[in-house]
2 protein chains.
Amino acid sequence: MPVTSSRTTLIEVAKLAGTSKTSVSRFFGPERERLTPKLQTRIAEAANTLGYQPNLMARGLKGGGSRLLGMLVADIRNPFSVAVVHGVEQAARASGYSLIVCNTDNDPKQEQQHLRLLSAYQVEGLIINASGQPEAQLQAIMRSGVPLVLLDRDIHQLDAAVIGLDNALAIDMALEHLVEQGYRSILYASESPDYASARQERLQRFTQQAATLGINGQTLILNNAVDHTQTLNAFARRSASAPGAVLCANGSVTLAMTRSFQKLGIAIGPTGLMGIDELAWCELITPGITTLAQPTDDIGQAAVSCLLNQLNGLAQTSPTRYRHTPRLQVRGSTTPKHDPKYV
Amino acid sequence: MPVTSSRTTLIEVAKLAGTSKTSVSRFFGPERERLTPKLQTRIAEAANTLGYQPNLMARGLKGGGSRLLGMLVADIRNPFSVAVVHGVEQAARASGYSLIVCNTDNDPKQEQQHLRLLSAYQVEGLIINASGQPEAQLQAIMRSGVPLVLLDRDIHQLDAAVIGLDNALAIDMALEHLVEQGYRSILYASESPDYASARQERLQRFTQQAATLGINGQTLILNNAVDHTQTLNAFARRSASAPGAVLCANGSVTLAMTRSFQKLGIAIGPTGLMGIDELAWCELITPGITTLAQPTDDIGQAAVSCLLNQLNGLAQTSPTRYRHTPRLQVRGSTTPKHDPKYV
DNA sequence: AAACAGATTGGGAACGTTCCCATTTTGATT
DNA sequence: AATCAAAATGGGAACGTTCCCAATCTGTTT
């Protein structure tokens with residue numbers, strides 16, 4: 001056994017098996033069945049003793065396709081993103097694709113760089129959870145024939161499918177639940193919507209529906225420059241007379257709000273607390289935080305199958321939106337202790 | 001602008017710039033400085049108007065190296081793993097490498113498959129957080145000259161560097177803190193050590209040090225088959241007379257134990273609770289859970305630089321272990337309310 | 001037995017790049 | 001002006017695969 005053996009190639013396997021490179025190539029491709037059983041075993045043996053691994057770089061070079069999917073994630077430390085990555089990876093693997101995941105840390109600069117990188121690796125499809133609005137780059141990528149799917153966040157002037165939560169429905173479900181529980185005044189807490197379309201949609205639907213339903217709706221835009229505890233405290237104290245609830249636009253907002261509740265000594269429940277995105281610790285905070293869980297595996301799978309459809313020429317007629325339905329996970333944080341005489 | 005333009009190549013850029021492919025190749029490689037400024041601008045312009053992207057597959061094929069690092073993660077939904085991935089990615093990017101992350105979901109079968117895949121992509125280095133003991137495969141990879149680093153979990157009979165927490169030190173720090181706080185009886189909760197060397201090391205150090213320090217040390221091995229609440233309950237009730245604490249071997253154990261504390265109505269603090277691994281929610285559980293935070297960014301960086309050293313021929317003389325020091329994050333869960341008359 | 005169709009196999013070009021080496025250009029020195 | 005060294009540039013082979021097409025082999029039909 002050699003101390004350092006450079007990688008074995010197709011040709012060496014062919015030589016050992018006493019056949020041609022073409023046959024070995026076929027053996028490892030989709031045409032294995034065209035080979036005589038005898039030849040197949042001979043090749044299998046040779047490949048085995050040499051420990052042969054096909055070189056996917058070479059395959060990717062010559063027409064065969066790279067069998068790679070690329071994924072751009074805005075924040076890999078966000079549990080929601082990780083859950084979706086997990087779903088995407090499962091689905092990709094199941095279809096014989098591998099995944100390169102790039103994390104942009106919400107930095108448009110890094111986003112641009114990673115996009116260049118991914119297309120340099122000849123990925124066959126791209127799943128984008130954007131931080132900025134890299135429309136120009138993405139348009140160029142689409143023009144070069146690489147299918148592309150947007151995750152959670154839309155991008156203006158880009159004709160691509162968007163996959164994510166049904167944000168309007170989520171807000172509706174949350175409001176319905178909160179109202180049903182007796183809350184009459186609702187504070188919607190969100191990070192700055194900026195370019196994140198999901199945040200925009202949720203915020204917009206909230207203000208719209210609050211008005212329609214005749215709820216006293218307020219919004220609180222988080223922003224590390226400004227301290228939001230004032231607003232929150234005022235809101236909670238007022239709700240001693242009429243129960244109010246805080247609705248959090250996503251997981252990190254839920255984290256921030258829970259922290260603030262504790263710091264300010266606001267009782268959870270009497271003042272309601274609810275969040276979009278399910279998190280492992282939501283059941284641990286007494287009395288448990290009610291959430292809308294996103295079907296992350298479904299979302300990941302949808303992204304991959306959308307890509308695969310495009311790869312197989314089943315291009316959708318027009319860019320579609322795939323809206324997924326959240327699951328309501330009721331816990332104690334949305335049960336006011338009051339006699340619900342305000343209903 | 002063509003509706004669908006197949007990818008532009010080096011040659012097309014050369015033609016447009018009125019030069020040879022070699023010069024263009026140099027322009028995009030490390031030899032750019034060897035080119036006349038005039039030629040450089042000419043190439044830059046041509047590449048720009050054509051929107052040229054070097055094809056990394058072709059580069060990887062012909063000697064130039066793939067500039068890819070591979071990483072195998074046992075459980076991507078574990079926040080600790082994600083944090084390390086994040087550190088690795090940062091460090092890799094800083095050195096001009098990209099990262100393919102594969103998640104094995106703790107399944108040795110998938111692990112094997114992903115290892116095959118990664119080496120097929122000609123990764124130049126491999127960072128392995130193993131689920132099983134794929135020694136044979138890893139030995140083959142090392143023999144083929146690909147440097148390799150183990151993360152958190154050692155593998156028998158493999159001469160590779162191991163990077164992770166200084167497990168003995170972590171246990172010592174935890175015990176010291178708990179004893180200082182007045183706890184005299186400590187229950188060490190861990191998942192089954194199996195092949196996970198970090199778990200083994202922690203467990204072993206615990207039993208050893210408990211004996212040395214004259215602490216009443218018990219261990220509780222979690223296991224989804226058996227219900228552990230009995231043991232925990234008995235332990236907590238007994239500690240009404242002499243304060244006891246539960247030490248959790250890692251983040252998921254901390255999660256499980258916190259759940260159990262709540263379900264059984266055990267007061268956190270009077271019965272101590274402490275965990276290895278810092279988690280976002282540990283400060284939210286009243287009165288806050290004391291943790292030993294792992295320096296995940298440092299660990300990720302160490303893994304990459306260890307790989308890079310090997311790539312640059314600075315092979316360490318013998319496989320090393322890089323042991324990192326945890327940071328103690330004290331919170332209320334390790335403050336018994338008792339008058340410390342038992343000290 | 002000859003002829004033929006179909007299945008099986010093999011040779012060679014091509015993919016887009018890098019690297020070796022040869023060639024040309026530049027500028028300094030005699 | 002001639003010579004020479006160094007710098008700059010270019011041509012061609014090679015990397016390991018896939019795919020096209022040609023060559024061979026099998027078994028069946030006339």
Side-chain angles (χ1 to χ4, degrees), chain A residues 5-43 46-47 50-68 96 117 119-124 144-145, chain B residues 5-43 46-47 50-68 96 117 119-124 144-145:
Chain A
S5 63
S6 116
R7 253 141 185 158
T8 27
T9 78
L10 207 54
I11 306 213
E12 306 180 65
V13 176
K15 214 174 293 175
L16 181 61
T19 180
S20 73
K21 54 189 163 55
T22 306
S23 293
V24 179
S25 171
R26 279 202 250 268
F27 180 80
F28 285 100
E31 298 183 286
R32 176 176 302 190
E33 293 317 315
R34 280 181 46 179
L35 267 35
T36 300
K38 207 168 55 174
L39 221 200
Q40 285 190 35
T41 45
R42 226 171 350 130
I43 294 177
L50 292 177
Y52 169 70
Q53 302 277 28
N55 182 332
L56 293 198
M57 291 278 165
R59 172 180 300 178
L61 184 55
K62 174 63 190 179
S66 66
R67 304 303 276 172
L68 269 183
L117 186 92
S119 65
Y121 276 114
Q122 317 290 109
V123 293
E124 298 186 43
S144 78
Chain B
S5 63
S6 121
R7 252 139 185 160
T8 28
T9 78
L10 207 52
I11 306 213
E12 306 179 66
V13 176
K15 215 173 293 175
L16 180 60
T19 180
S20 72
K21 53 187 163 55
T22 308
S23 294
V24 180
S25 171
R26 281 201 250 267
F27 180 80
F28 285 100
E31 296 184 286
R32 176 177 302 191
E33 293 316 316
R34 281 181 46 178
L35 265 37
T36 300
K38 207 170 53 174
L39 221 200
Q40 285 189 36
T41 45
R42 217 160 10 118
I43 293 177
L50 292 178
Y52 169 70
Q53 303 278 30
N55 182 333
L56 293 196
M57 290 280 165
R59 173 179 299 178
L61 183 56
K62 173 62 189 182
S66 66
R67 305 302 277 173
L68 269 183
L117 185 92
S119 66
Y121 275 114
Q122 316 292 108
V123 294
E124 298 187 42
S144 78

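By convention in this document, chain letters (A, B, ...) are assigned in the order of the sequence lines, proteins followed by strands, and residues within each chain are numbered from 1.
Taking the side chain as every heavy atom from C-beta outward, A/Gln122 and A/Leu68 never approach each other to under 4.5 Å. Between B/Gln53 and B/Phe28 the shortest side-chain heavy-atom distance does not fall below 4.5 Å. Taking 4.5 Å as the limit, every side-chain heavy atom of B/Leu39 sits out of range of all side-chain heavy atoms of B/Arg26.
Residue-level contact check: B/Leu56 touches neither bases nor backbone, having no heavy atom under 4.0 Å from any strand. Contacts of A/Phe27 with the nucleic acid, taken as non-hydrogen atoms under 4.0 Å apart, are absent. Using a 4.0 Å heavy-atom distance criterion, A/Phe28 is classed as making no nucleic acid contact.
Taking side-chain N and O atoms only, B/Tyr121 has no distance below 4.0 Å to OP1 or OP2 of D/dG16. An OP1 or OP2 oxygen of C/dT8 is reached within less than 4.0 angstrom by no side-chain nitrogen or oxygen of A/Arg34. Under 4.0 angstrom from either OP1 or OP2 of D/dT9 there lies at least one side-chain N or O belonging to B/Thr36. In this structure, B/Ser23 reaches the D/dG10 phosphate: one of its side-chain N or O atoms is under 4.0 Å from OP1 or OP2. Proximity of A/Thr9 to the phosphate of D/dG16: no side-chain N or O atom is located under 4.0 Å from OP1 or OP2. Regarding contacts with the backbone of D/dT17, every side-chain N or O of A/Ser25 stays at 4.0 angstrom or more from both OP1 and OP2.
For A/Lys62, taking side-chain heavy atoms from C-beta onward, the closest of the listed nucleotides C/dG11, C/dA14, D/dG12 is C/dA14. Listed nucleotides C/dT18, C/dG10, D/dG10 differ in distance to B/Thr19; the shortest reach to its side chain belongs to D/dG10. Picking from C/dC19, D/dG16, C/dG11 the nucleotide with the shortest atom distance to the side chain of A/Ala58 gives D/dG16. Closest to the A/Leu61 side chain, of the nucleotides C/dG16, D/dT17, D/dT9, is C/dG16.
A donor-acceptor pair under 3.5 Å is formed between the side chain of B/Thr9 and the backbone N or O of B/Ile11.
As a whole-Å value, the separation of B/Gln122 CD from C/dT18 P is 16 Å.
Side-chain atoms of A/Thr22 and base atoms of C/dG11 include a donor and an acceptor less than 3.5 Å apart.
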